[in-house]
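Take a look at the structure set out below.
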Amino acid sequence: MQFLVSWTIKPEHRDAATARFVETGGLPPEGAKMLGRWHFAGSREGFLIAESDDAVALSKWTYAWSDLLSFRIVPIVDDEGFKSVLGG
């Protein structure tokens with residue numbers, strides 16, 4: 001299953017979030033795969049596409065950053081998946 005994970009860095013934690021990202025790379029734990037990550041230039045926001053069948057792995061990944069960032073996680077489907085939703 002694929003997910004759109006968007007985040008906002010809390011303003012007061014910008015420097016700490018930057019330092020942690022440089023140190024760790026923000027990589028996912030076992031059980032979750034990051035397909036790509038994008039940062040909004042000049043802001044404290046961004047998003048990534050993740051793939052996982054393990055809600056616990058995805059939760060561990062975001063929880064490890066939740067002291068510095070706020071997250072929104074949305075399941076997503078591609079065109080083929082959406083055709084199935086439409087009955088095609």
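What's counted below: heavy atoms across the whole structure, side chains too, no hydrogens, waters or symmetry copies.
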Which pair of non-hydrogen atoms, one from [X] and one from [Y], has the smallest distance, and what is that distance?
{"X": "Ala17", "Y": "Ile9", "value": "CB-CG2, 3.8 Å"}
{"X": "Trp61", "Y": "Ala32", "value": "CE3-CB, 4.3 Å"}
{"X": "Glu30", "Y": "Ala57", "value": "O-CB, 3.6 Å"}
{"X": "Ala50", "Y": "Val5", "value": "CB-CG2, 4.5 Å"}
{"X": "Ser52", "Y": "Phe3", "value": "O-CE1, 3.5 Å"}

In Å and rounded to the nearest 0.5 Å, what is the [atom1] to [atom2] distance from [X] to [Y]?
{"X": "Phe71", "Y": "Ser6", "atom1": "CZ", "atom2": "OG", "result": "9.0 Å"}
{"X": "Leu48", "Y": "Trp7", "atom1": "CG", "atom2": "CH2", "result": "5.0 Å"}
{"X": "Arg44", "Y": "Arg14", "atom1": "CZ", "atom2": "CZ", "result": "9.0 Å"}

*Same apolar cluster: Ile76 and Leu35, side chain cutoff 4.5 Å*: yes

*Would you indicate whether Glu12, at its atom CD, is surrounded by more than 12 heavy atoms from other residues, nucleotides or ligands within a distance under 6.0 Å?*
yes

*Residue Phe40 excluded, over 12 heavy atoms near CZ under 6.0 Å*: yes

So [Y] and [X], do their side chains get closer than 4.5 Å, heavy atoms only?
{"X": "Leu58", "Y": "Ile73", "result": "yes"}
{"X": "Leu27", "Y": "Met34", "result": "yes"}
{"X": "Thr8", "Y": "Leu69", "result": "no"}

*Are the aromatic ring centres of Phe47 and Trp38 under 6.0 angstrom apart?*
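Under 6.0 Å, so yes.
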
*Are Trp65 and His13 near enough that their ring centres are under 6.0 Å apart?*
no

*With sequence neighbours excluded, give me every salt bridge (charged side-chain N to carboxylate O under 4.0 Å, His left out) pair touching residues 52-75.*
Arg20-Asp67

